[in-house]
Amino acid sequence: MARERMIDTTAEAAKTPELDQPYAELGLKDDEYARIREILGRRPTEAELAMYSVMWSEHCSYKSSKVHLKYFGETTTEEMRTRLLAGIGENAGVVDIGDGWAVTFKVESHNHPSYVEPHQGAATGVGGIVRDIMAMGARPIAVADPLRFGAAEAEDTRRVVRGVVDGIGHYGNCLGLPNVGGELVFDSSYNGNPLVNALCVGAMRSEDLHLAHASGTGNKVILFGARTGLDGIGGVSVLASETFEGDETSGGRKKLPSVQVGDPFTEKVLIECCLEVIRAGIVVGIQDLGGAGLSCATSELASAGDGGMRVELDRVPLRAKDMTPAEVLSSESQERMCAVVAPEHVDAFLAVCAKWDVTATEIGAVTDGDNLVITWHGETVVDVPPRTVAHDGPVYQRPVQRPESQDALQANTSASLARPDDLRRTVLEMLAAPNLAAKRWVTDQYDRYVRGGTVLAQPADSGMVRVDEQTGRGISVATDCNSRFVALDPYEGARLALAEAYRNVACGGATPLAVSDCLNFGSPEDPGVMWQFREAVRGIADGCAELGIPVTGGNVSFYNQTGSTAILPTPVVAVLGVIDDVDRRIPAGIGTETGETLLLLGETRDEFDGSEWARVAHGHLGGLPPKADLAWEKLLGEILVAGSRDGMISAAHDVADGGLIQAVIEMALIGQTGARVLLDPDQDPFVQLFAESAGRAVVAVPRSEELRFTEMCTARGLPWRKTGVVDAESGSLEIQGVAEFSLTELAETWNATLPRLFD
Amino acid sequence: MARVVVEVMPKPEILDPQGQAVAKALPRLGFTGIGEVRQGKRFELDVDDSVDDAALHRIAEEFLANTVIEEFTVRRVGS
Amino acid sequence: MARVVVEVMPKPEILDPQGQAVAKALPRLGFTGIGEVRQGKRFELDVDDSVDDAALHRIAEEFLANTVIEEFTVRRVGS
Amino acid sequence: MRIGVITFPGSLDDGDVVRAVRRCEAEAVPLWHGDAELHGVDAVVVPGGFSYGDYLRCGAIARFAPVMGPVLEAAAGGMPVLGICNGFQILCEAGLLPGALTRNAGLHYVCRDQWLRVENTRTAWSTRYEPGAEILVPIKHGEGNYQADKETIAALEAENRIVFRYIEENPNGSRADIAGICSANGRVLGLMPHPEHAIDPLTGPSDDGLGMFYSALDSLVKVTNE
Ligand SMILES: Nc1ncnc2c1ncn2[C@@H]1O[C@H](COP(=O)(O)OP(=O)(O)O)[C@@H](O)[C@H]1O
Ligand SMILES: [Mg+2]
């Protein structure tokens, strides 16, 4: 009773306009708080303050990035949009892939929680992105996980790596989603701030596309899934302690850790339940609950509709005792969804939920008013125009300034670094380096087989899954970002990330269609970081325009720093591709036919700035990244797809970190087949083996197809060079005139690093 | 040699999906009258007499329990 | 309402890889003097007064423990 | 031939078993955990996944599902029953097969292509293999470490009830390298590896898994003819 009296209502707010409110502790600036008062014409209630503060946070409102992200829209032409069924602004972009199928995909970050509690942080990151995909009406069909950790040998890295990989594995495996790719990068800039990005792809019949809408006066709002508890409330517990004077007996709470615990089983049944109600055609709109929980879901649903919304918050099933309305609104309890359902379908909806044993509760309805009105035991605790919460957050023009140190960084090239004499030793050192070593220790912890449609997965360049069992149509996805290149030149580095992901998709034989990204940067309050950010956005957007594929959505994560030092700027780019028949996928391993020719497509230049060799051999980062020529990437992509279509290519692998020799070794080890590498006598062997020039791939071509394939390359103007022969008998890899290795030696070197570090 | 028991339980405010699953299953198996269930871990350690309570506390705090989401108790139960 | 604790431990003859991993890791973290470690589970149940000891024993035996590999104890710890 | 495939909440590979059964041109009949009825099927597959989240212990909650009553009865009557991965765990929990599956010795979930040796080709699920055949099938589990007391292991060996053994590398610490075992009459088989993910080299490492489903069909034909 005592507590109920203390609930802050709109009536109370009108009566006590001068009450001191802890808005600063909730992260709101003076002028932001003033704007809220102006919008409402009074002070906000405690619940309203909680809503605005989370929804106007950097994470939810994109207040620092908005002005720059607009550039994506400005550079997307009508032509690039032709396959786009939904774009930026929806929960996730949707692309038409043909045969009546639509595919949606998105990457999100869960960086900070994964440092505090690696297992749960990473697990709930997967859970969140999967619900985003479900909110589009799609069935999640695959996940991928681009990861960045501190230096492999650093003290704390082991704890974080083990927890994150275990968490992603546990959650994804338990959901039954094949993990088909990702990245694993170690760099000391991530020591106190790992990057845990999670990507999910979903598929649906085009007609099932569901956008988050709440139209139709009288339609019911149903909350379903897990009960709401105190998890992830973090900042909002400030309210409780401020208002109720701190000590626990009087109802205040200790500051809660903003850690959420995931329950993948609940999410799995939630997926099945969602798909069943969508298939039955009994939902008007559907929305996931992620960051900012019910605050976000109700305000977004309401502002996407044409009316207002009424919510009886006390009907929300709770897991903790004595929660305040502000806490219920801000809780980030996982595995919850919200649906808008026409009154005549409510019973059918609840029946599906009962079948899957999913808790479902009608919590409100769409009204013909303008406002989102939330009550608590009959009293109004929120009465706001929903758009002001969801979309009209502050927009900042943060100062942007190219750092003065950038010139010195670029001037410090790799030209002066001593180059090795013993190439054999360098090959092995590079192969064992944590960033080039086999990723099996990670990927073996992920189920890549479930759902029975995985055609390519680690260690292939891209993950590929079959979408249609009749026609064989499938999708492919790859994520990439070399943040060292981005540090040297954010614009070029971001284009290189795009180029690499694009190339990786093409290497599997798929045609790249669309882009999503996860932009991980330091503090937006640092003008130098904002410069990196702006340049990276422009690089990706301009690159997409050159390639003719649109950015369909993405995610921004700021404030990534170890101590006060920002992480290397890390705009992770994900490219989605389509393949009309997965049967013609191109594997990465050689050995389909002995005597095949290995061709290097593209041109190798003496480019070592920012390379893996510069890092491994000299701990050096400086200079300018390799040149990115996207017209060339596009041509390379077309040739790879044509080669796959005409059965001219039996294996392909892109050349990136570690250079040509790393690519060839991987092709040999994946295919468990030996090869001979032939170098150009007129060029420096070191450069040929280790340079990281962009726009290159190695392909294996059957003897019978060699002439036809090389003539096609020549005719279309793509440089190629015969760089080796597959030798099934030898069991070894020979670099002619340089060194020879047994496959066993290479495999042991490649596979030993991660188990040594993390087992 | 002493026997030490460390008990680790999820914090009350943290979701315990395992305990919930058990609680939900019991009535289906015909067992009624059980309210909330919480599931944690129990460690039995054989400990040299040289190991003092402070060391045991640190082992529990830094290693056996994840104090972000769990709480623990340490108890000597005899030798 | 009573609070009941059920403790489930791996049988001595059954391999306990989790306990072993803990025992192996401790010296690496600088903790010496710990011999064998075994890891099991601990359940806390809120139980109606109507539930008798026989029922609790059955819950533990048929459900909470798998007696092929585990042994258990049931204890009321007050209300 | 009608082969039932059970779906529990949390089952994951049920669709893949259905695909495998259809690939063998048999009829796949979905069975629902809450329905205590086998709908006249000739054999039952308990598929992999995380039934009920695998909370408490893998399979511990699923074995009490209503559908399991008729499964136990049918098994007692000689119906072929196959438990794959989580299905194997459920059959052990239910007492249809001896022993238990515990945490992998390496403490990690392991997904990889695994070589197995077929040790017994006279069960309802293995007649299509050559004795001693080596097959390549995916494994993917966190708790596949087969444990039982010495007597049980000795009895399994003596009665030739170890049907599949891991070769080259034991991925989980399983006693006697056990990957799969059968009931005394050879009709109920449980194994950790996933034959349903080895039905097509496009989506798996081989098509070696099909042999298990074809074997069951053969055994059903034989029973019908007798
Ligand atoms: N964290 C991860 N999760 C899943 N797969 C990963 C992860 N990290 C790397 N991989 C996979 O391992 C393989 C090798 O990775 P990488 O060398 O980064 O590929 P590339 O250079 O072609 O982008 C790829 O198949 C990639 O998808
Ligand atoms: Mg690649």
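The chains referred to below are lettered A, B, ... by the order of the sequence lines, with proteins before strands, and numbering in each begins at 1. Bear in mind that the values here come from a model prediction, so they are computed numbers and not experimental data.
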Toward chain C, the part of [X] with a non-hydrogen atom under 4.5 Å:
{"X": "B/Q18", "value": "neither"}
{"X": "B/L45", "value": "both"}
{"X": "B/F63", "value": "side chain"}
{"X": "B/V47", "value": "both"}

Could you have a look at [options] and say which one has the most heavy-atom pairs with chain B under 4.5 angstrom?
{"options": "C/G19, C/G40, C/G35, C/A55", "value": "C/G40"}
{"options": "C/L56, C/V8, C/L26, C/T32", "value": "C/L26"}
{"options": "C/E44, C/E36, C/R42", "value": "C/R42"}

**Message:** Could you measure the distance from the CD atom of B/E62 to the OG1 atom of B/T67? Nearest 0.5 Å is fine.
**Reply:**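 Answer for the CD-OG1 pair, B/E62 versus B/T67, is 9.0 Å.
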**Prompt:** Counting heavy-atom pairs under 4.5 Å to chain C, which of B/D48, B/V51, B/D46 comes out on top?
**Reply:**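 The candidate making the most pairs under 4.5 Å is B/D46.
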**Message:** Is any side-chain heavy atom of C/V74 closer than 4.5 Å to one of C/D53?
**Reply:**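 C/D53 does not reach C/V74 side chain to side chain.
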**Request:** Walk me through it: do C/V77 and C/R75 pass the test side chain to side chain contact (heavy atoms under 4.5 Å, CB included)?
**Result:** CA-CA 6 Å; C/V77 294; C/R75 205 168 48 178; 4.1 Å; yes
**Request:** Please test C/L64 against B/Q39 for side chain to side chain contact (heavy atoms under 4.5 Å, CB included), starting from the C-alpha separation and ending with a verdict.
**Result:** CA-CA 10 Å; C/L64 298 180; B/Q39 177 175 342; over 6 Å; no
**Message:** side chain to side chain contact (heavy atoms under 4.5 Å, CB included) for B/H57 and B/F72? Distances and angles first, verdict last.
**Reply:** CA-CA 9 Å; B/H57 186 89; B/F72 64 90; 3.7 Å; yes
**Prompt:** Does atom CZ of B/R28 have more than 12 heavy-atom neighbours from other groups under 6.0 Å away?
**Reply:**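 Yes, the 6.0 Å shell around CZ holds more than 12 heavy atoms from other groups.
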